[in-house]
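Below is one structure, written out as structure tokens; comments come after it.
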Amino acid sequence: RPIRPIWLEPMIARNPFIAWTVMNGVVAALYFALGLAVSQFFAAYGLFPAPIWLPASIGLGAAMIGGARLAPGLFIGSFLTNFALFNPVVQVVMLISFTNALGPTLAAAIMARAAPRGTPFGTLRGLFAFIGGGVLLHGAIVATGGALAIWWGDSAIPGAALQSIWLRWWLSDAGGALYFAPALLLWLAYRPNGRADRSEIIEGFGISLFTLVVTAMVFGFGGQAVYESYVPYFLALPLAWLTLRFSLRAAYTLFTLVMIIATAGTITGQGPFVQAGFERPLT
């Protein structure tokens, strides 16, 4: 059973064709916009293609909502993105886009089977399904399609280079799914049982804001302070606080924002991982 946001159910009941057509257009637009934004950001710092492909989360979230019904939107969004970025042969872009739609669709089917009543994070079986299907298998399918497409465009590429392309592609999509998809799925599947009181809202907001400010300071925004490479791991403490006091959704949303700030800081040459002199600080 797919995850259906409350606002989507009336649209489907009223006119399924229009509802799914609009949703496919929204998915394609979101994938295209996020793909261009991510690529341009990383390209500005000499990292192209993007080492972390955040549109993978859009793909996984869309597939969890509509399954194969939203695969056309993923295909179109991927096609437009790859054609705009690389301008390669149309057949090559079509193969990449096909697997960019196939990967999350199969992963969503696996997760829906493991957790038929909601998100996959409520049970151990669902969590394994998310890691194995939503992250590892999803990334492997997309990477295989991408590597085959590149080989199709240039069959003279050595096997070792093709293997490296596959691995980097897999890490990029798997990491992109792990970054944002859990928070997205938890928001989409959320059914409020009651309103939080004022003190809880202040506490949760205060902890989250404090954590984001500290994260920005640690990773070099607004100052040039030097921190040891172990300091960022203390950021797990407020995440654990939110998980225990509030919800997994709140904690993973904060985790996603922390990861975005940490990645942006590291890419721009700031933060403890760069200062420690690691050869690959982003990893």
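Nothing fancy with the numbering, it's 1 onward along the sequence. Side chains included, hydrogens not; waters and symmetry mates left out as well; all remaining heavy atoms used. As the structure is a prediction and not an experimental result, all values here were calculated from the model.
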Grouping I, L, V, M, F, W and Y whenever their side-chain heavy atoms are under 4.5 Å apart, do Phe75 and Val90 come out in a common cluster? yes
Heavy atoms only: give me the nearest Ala264-Phe41 pair and the separation to one decimal. CA-CZ, 3.9 Å
Looking at every heavy atom in both Phe121 and Leu248, which two are closest together, and how far apart are they? CB-CD2, 3.8 Å
With side chains defined as the heavy atoms from C-beta onward, is the minimum distance between Pro55 and Thr81 less than 4.5 Å? no
Could you tell me the separation between the CG atom of Leu54 and the OG1 atom of Thr263, rounded to the nearest 0.5 Å? 8.0 Å
Does Arg245 have any salt bridge (charged side-chain N to carboxylate O under 4.0 Å, His left out) partners at least two apart in sequence or in another chain, and if so, which? Glu203
Between Leu85 and Ser39, the two heavy atoms sitting closest are CD1-OG, 3.2 Å
Path from Phe210 to Ile260 over hydrophobic side-chain contacts below 4.5 Å: no
Nearest 0.5 Å, please: how far is CD1 in Ile165 from CG in Leu167? 11.0 Å
List, one per line, each side-chain donor-acceptor pair under 3.5 Å for residues 122-145, sequence neighbours excluded.
| from | atom 1 | to | atom 2 | distance (Å) |
| --- | --- | --- | --- | --- |
| Thr123 | OG1 | Gly126 | N | 3.0 |
| His138 | ND1 | Gly134 | O | 3.1 |
| Thr144 | OG1 | Ala140 | O | 2.7 |
| Thr144 | OG1 | Trp166 | NE1 | 3.0 |

Would you sort out whether Leu30 and Leu34 count as a side-chain contact (heavy atoms from CB on, under 4.5 Å), showing the intermediate values? CA-CA 6 Å; Leu30 288 175; Leu34 187 57; over 6 Å; no
Is a donor on one side and an acceptor on the other found under 3.5 Å between the side chain of Ser172 and the backbone of Ala50? yes
If two hydrophobic side chains count as joined below 4.5 Å and joins carry through other members, does Leu237 share a cluster with Leu209? yes
Value for CD1 (Ile261) from OG1 (Thr211), rounded to nearest 0.5 Å, stands at 10.0 Å
So if you build clusters from Ile, Leu, Val, Met, Phe, Trp, Tyr with side-chain heavy-atom gaps below 4.5 Å, do Leu257 and Tyr233 land together? yes
Between Ile76 and Asn24, does a side-chain contact (heavy atoms from CB on, under 4.5 Å) hold up when you go through it step by step? CA-CA 9 Å; Ile76 294 171; Asn24 272 288; over 6 Å; no
Roughly how far apart are Met23 CE and Arg69 CZ, rounded to 0.5 Å? 12.0 Å
Calculate, to the nearest 0.5 Å, the distance between atoms CD1 and CD1 belonging to Ile202 and Ile207 respectively. 12.0 Å
Between CG on residue Leu239 and CZ on residue Phe255, distance to nearest 0.5 Å: 7.5 Å
Does Thr256 reach the main-chain N or O of Tyr179 with its side chain, forming a donor-acceptor pair under 3.5 Å? yes
Would you list the atom pairs, donor with acceptor, under 3.5 Å between side chains in residues 94-101 and any protein atom, with sequence neighbours excluded?
| from | atom 1 | to | atom 2 | distance (Å) |
| --- | --- | --- | --- | --- |
| Ser97 | OG | Ser78 | OG | 3.3 |
| Ser97 | OG | Phe79 | N | 3.0 |
| Ser97 | OG | Val93 | O | 2.8 |
| Thr99 | OG1 | Leu95 | O | 3.2 |
| Thr99 | OG1 | Ile96 | O | 3.0 |
| Asn100 | ND2 | Tyr31 | OH | 3.4 |
| Asn100 | ND2 | Ser78 | OG | 2.7 |

For a quick test of reading the model, state the closest non-hydrogen atom pair linking Ile12 to Trp20 and the distance between them. CD1-CZ2, 3.5 Å
Exercise: identify the closest heavy-atom pair between Leu60 and Met111: CD1-CE, 3.6 Å
Testing the basics here: between Pro272 and Val218, what is the closest heavy-atom pair and its distance to 0.1 Å? CD-O, 3.3 Å
